[in-house]
Amino acid sequence: MSSDAMAIRTAEAAGRPWVEILHEWVTTVDHKRLGVLYIVYALVFLVIGGIEAVIIRIQLIRPLNDFVSPQVFNRMFTMHGTTMIFFVAMPVLFGFANYLVPLMVGARDMAFPRLNAFSFWLSAFGGFLLYFSFVGGSGLYGAGNAPDVGWWAYAPLTSRAFSPGHSTDYWTIALLVSGFGSIGTAINLITTILCMRCPGMTLGRMPLLAWLNLVMSGMVLIALTPLSAAQIMLLADRYLGSHFFDTQAGGSATLWMHFFWIFGHPEVYILILPCFAFMSEIIPVFSRKPIFGYPVMVGASVCIGFVSMSVWAHHMFSIGMTSYANAFFTITTLSVGVPTGIKIFNWLGTMWGGRIQFKTPMLFSIAFLFQFLIAGLTGIMLGSAAFNWQLTGSYFVVAHFHYVIVGGILFALFGAFYYWYPKITGKMLSETLGKIHFWLFFIGFHMTFDLMHIPGLLGMPRRIYTYEPGRGWDTWNLLVTIGALIQSIATLVFVANLIISYFKGRDAGNDPWDAWTLEWSVSSPPPEYNFATIPTVASRRPLWDIKHPEDPDSRYE
Amino acid sequence: MAKNGQIEGGAVLGRVLSVLVILAGILFAAQLCLASPADHSQVPSIFDPHSGNADLLYRLSGFVLSITGLIFVVVFTLLVYVVIRFRERPTNAGREPAQVYGSNQIELAWTVIPILIVVVLFLATARVIHAIQDAPEPAEALEVTAIGHQFWWEYRFPALGVVTANELHIPVSDRAHPRPTFLKLLSADTDHSFWVPQLGGKTDLIPNHINRIWFSPQETGLFLGQCAQYCGTQHAKMLLRVSVESEEDFDAWIQAQKEPAIQDEKESAGRRVFETTACLNCHAVGGTNGTGRFGPDLTHLMSRQTIAAGAAENTPANLRLWIQNPDAIKFGSLMPAMKLSDADLDALVRYLETLK
């Protein structure tokens, strides 16, 4: 059935001019197409942000290197951070949410399809604006340049005294515009999840992926708002003569820090919760067991959502807060470890007693568990305010958050790609290339980010374009750079796999993994309106009930 | 099909384990390197404390590392056990395992135990926060004001009437003669951060926001660090040098710094260059009409081992290059190229060399 659908689609596509196909993609309001647009857009920026990372690493391969100038280096780390957070991680996760949530809750589209398209194009325009700064950043001052204020853009470095030209404005407006896009998507996801579930799907029967995206969307609404407010205040400082962050005129640099991090820390959870969602779908299927402790998993997710709103100042332990504030943010930060630990234990509980199949999605998931454990533990170290005074601002913290973002988020995403690519395209990704990708990336990742902790412990601060020889940092930086190059090669293998498998991959069929959620009940790729008749479910695993009528889940829930 | 899956699973596991063993080896080697750095003052390791408060942080870090290390060992062992024990094998292929939905007792256990660990870690941390942040300033403490500039450090000893730059001299503070140094941290422009790992944790210098830190260094020696908060183009070459000296050496240094600049009549030509060009807009030399404060005080320039905030050694050749073309040493620093004639440049460098 799926191959028939594909054949019809291909025949249709072949017969039509490309302008018409392009027009169809640009004007689409279909959640699946918008999901694919988000994902492809994020992959393009992943490659750009990756190239920036490689430039940074080549510059740091040995002390006093002069591969790029200090200004270029400073632009590279600013653009790398901004790109990876706002134009890779956010859109790719929104893409998967867009694609999967309606299918998994048994809906035909998102609640507001046109708002959905509007949000995507806002986000896309934000990315374009950020990169246009390379051409227009200097305004009338001459050659173009990109922002070089760091991805958190601390005041007063962003004031016009220290950042002339327009590079900071492009950064500000890009984030403002894409931020509105994110808020639109969050509203859409919340409405879809709360109002569009198919008959029988109570909140307690909803797939964990929907639950986690619900919590994530709620956090987006709360966290993106102060960021947007701060960007508008910054613009007012730069052009309307206000002095919120203008320390020369009595403004406050720490005010910006609070505004930024009350966004910035929840943002980390906004990114990791959808990845928890992938894990909560992939691990059960490849362990052949239902998720362990579903109600506790839901509770822990909601708990993370609330607690993570009260931890932001752990990014600011070195700014000279009072001892009471430092103690408060220590206890809140350490507390996040409890629900997060519960999640790790529940995934282990899911695997316990199962029949674990080492398909590529599961390999990435197991690596995720291992790496997220370490990332959490270095997070505990950083959460201890006094220990943090030695660790923050150093390469240790750089290694820590890359452990979260690459070791956690990116590994989970790769798992999600291998798991849902067959549904999205109708073709299986190559397992051979997948395993090569996994092992290369795994080795490169650990070479880079395990070793990167060490120069931090030896006193190497972040964001330095070069360093003095003889401080014990040289060898570590060399090895870290080699690891980064291995990761780049692995990423190329991944991109090659995406392209080759699209044309030559094995047909997937509806349900290649013998899975249990609703998206696997329709053809691959799913038809335009997803479900010919809206399904009715009686348990958390509707397809299990169909496949095992003698022992359905609905009997136990 | 099922058999293939099993072999694949086994081979994968073997590879996982071998990679992990290699990684553990690397980390172990790293630990050894950390434990015995070749030259302590050159490697600013946080695990090589030389002051009372750095030592407090070091002990806390040991405690936190051992607890997190223990958690890692337990959970990692569980993960490896689960992956090996419950992998798909020919004997169980095709049969779905028992469908278990959860267990409230187990959930309770792995909620309560982490909460207890969090409480213990919090108490240990709060104790150190209190010991460092709420320590009263003793009467015998030395007060220093550190001002961060793009991209150098200004130090003032208000009670002693000394102003200097980039190389901080402080007395040792041993048990017999405790004399901790209390620093007041200010910024003239953007955010900076003062971080000398062997003496203590970092604290930011933020405009309009006064911070205070203190050190009680227990040994003499030179300790290195650098600005740890991104502050602009040359953040990387805003280096810190703190020289911890015996009581006598420190007092002698203060006495020398209090003197006005040496007036050597032989180098009056160079002094005239200093006083008649833009130099004096930014730099001060005690006893001349140069009183600028945008750049480092040069009254006792030759008592410093480095120039340009540690970016180059303080040699006549480097001084000449620095005045002629600062970008060659520190691209993007706020020192302008002075565009002097060779004769003036030579005279000026000879004059600066008299500022001992």
Side-chain angles (χ1 to χ4, degrees), chain A residues 69-71 150 154 156-157 162 247 253-254 288-290 292-293 296 318-320 323 326-327 330-331 334-335 337-338 341-342 345 348 351-358 366 369-370 373 377 380-381 384-387 389-390 393 446 450 454 457-459 461 463-466 470-472 556, chain B residues 8-9 12 23 30 37 42-46 57 60-61 64 68 71-72 75 78-79 82-83 86-88 92 96-97 99-102 107 110-111 114-115 118 121-122 125-126 128-130 133-134 190-191 193 197 201-204 206-209 211 226 228-230 233 235-236 331-332:
Chain A
S69 72
Q71 290 100 324
Y154 269 7
L157 207 56
F162 300 108
T247 50
T254 50
R288 309 307 305 157
K289 278 180 64 204
F292 191 88
V296 182
S318 69
I319 73 157
S323 53
N326 283 334
T330 296
I331 186 83
L334 298 181
S335 306
V338 176
I342 291 174
F345 287 127
L348 284 175
M351 290 158 71
W352 189 281
R355 175 165 60 85
I356 301 170
Q357 299 168 332
F358 296 98
I366 294 170
L369 284 180
F370 169 58
L373 168 67
L377 294 174
I380 296 277
M381 297 173 203
S384 161
F387 195 5
W389 294 329
Q390 286 286 28
H446 283 281
D450 292 9
I454 296 164
L457 298 174
L458 299 181
R463 298 179 163 176
I464 53 173
Y465 75 90
T466 193
R471 304 245 166 141
Y556 304 101
Chain B
E8 208 168 61
V12 165
L23 281 171
Q42 288 300 300
V43 180
S45 166
I46 69 166
L57 300 180
L60 175 67
S61 72
V64 175
T68 47
I71 299 172
F72 174 77
V75 181
L78 261 173
L79 177 64
V82 165
V83 166
F86 299 108
R87 69 188 190 276
E88 187 171 59
N92 65 10
E96 298 288 24
Q99 302 292 299
V100 179
Y101 299 91
E107 300 284 356
W110 64 43
T111 308
I115 289 176
V118 163
L121 284 173
F122 168 69
T125 304
V128 177
I129 292 175
H130 176 70
Q133 278 200 284
D134 301 335
T190 65
D191 303 338
S193 191
K202 64 184 75 61
T203 306
D204 294 357
I206 301 169
N208 275 355
H209 181 96
N211 280 329
Q226 63 189 87
Q229 183 66 271
Y230 177 63
T233 311
H235 165 56
F331 190 92

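Lettering of chains follows the sequences in order, A, B, ..., and the numbering in each one begins at 1.
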Chain A shares the most heavy-atom pairs under 4.5 Å, among B/D134, B/I71, B/T203, B/T68, with B/T68
Which residues pass the salt bridge (Lys or Arg N to Asp or Glu O under 4.0 Å) test with A/R463, sequence neighbours left out?
none
Could you check which of A/G341, A/G393, A/G337, A/G293 has the highest count of heavy-atom pairs closer than 4.5 Å to chain B?
A/G293
Cut-off 4.5 Å, heavy atoms of chain A, and the answer for B/N211 is side chain
Quick check on A/I342 against chain B: is it the side chain, the backbone, both or neither that has a heavy atom closer than 4.5 Å?
both
Top contributor to chain B interface from A/I356, A/I464, A/I380 [non-hydrogen pairs under 4.5 Å]:
A/I356
Chain A contact via B/N208 - which portion, at a heavy-atom distance below 4.5 Å:
side chain
Give a yes or no answer on whether the side chain of B/K202 reaches the backbone of A/W389 with a donor-acceptor pair at less than 3.5 Å.
yes
What part of B/L60 is in contact with chain A, defined as an atom under 4.5 angstrom from a non-hydrogen atom: side chain, backbone, both or neither?
side chain
Of the backbone (N, CA, C, O) and the side chain (C-beta and beyond), which part of B/L121 lies under 4.5 Å from a heavy atom of chain A, both, or neither?
both
Segment of B/H209 engaging chain A (4.5 angstrom heavy-atom cut-off):
side chain
Apply salt bridge (Lys or Arg N to Asp or Glu O under 4.0 Å) to A/R471 and list each qualifying residue two or more places apart in sequence or on a separate chain.
none
From the list A/Y465, A/F162, A/Y154, A/W352, the residue making the most non-hydrogen contacts under 4.5 Å with chain B is A/W352
Check whether B/V64 gets within reach of chain A through its side chain, its backbone, both or neither, counting any heavy atom under 4.5 Å.
side chain
Report which part of B/E96 has an atom under 4.5 Å of a heavy atom belonging to chain A: side chain, backbone, both, or neither.
both
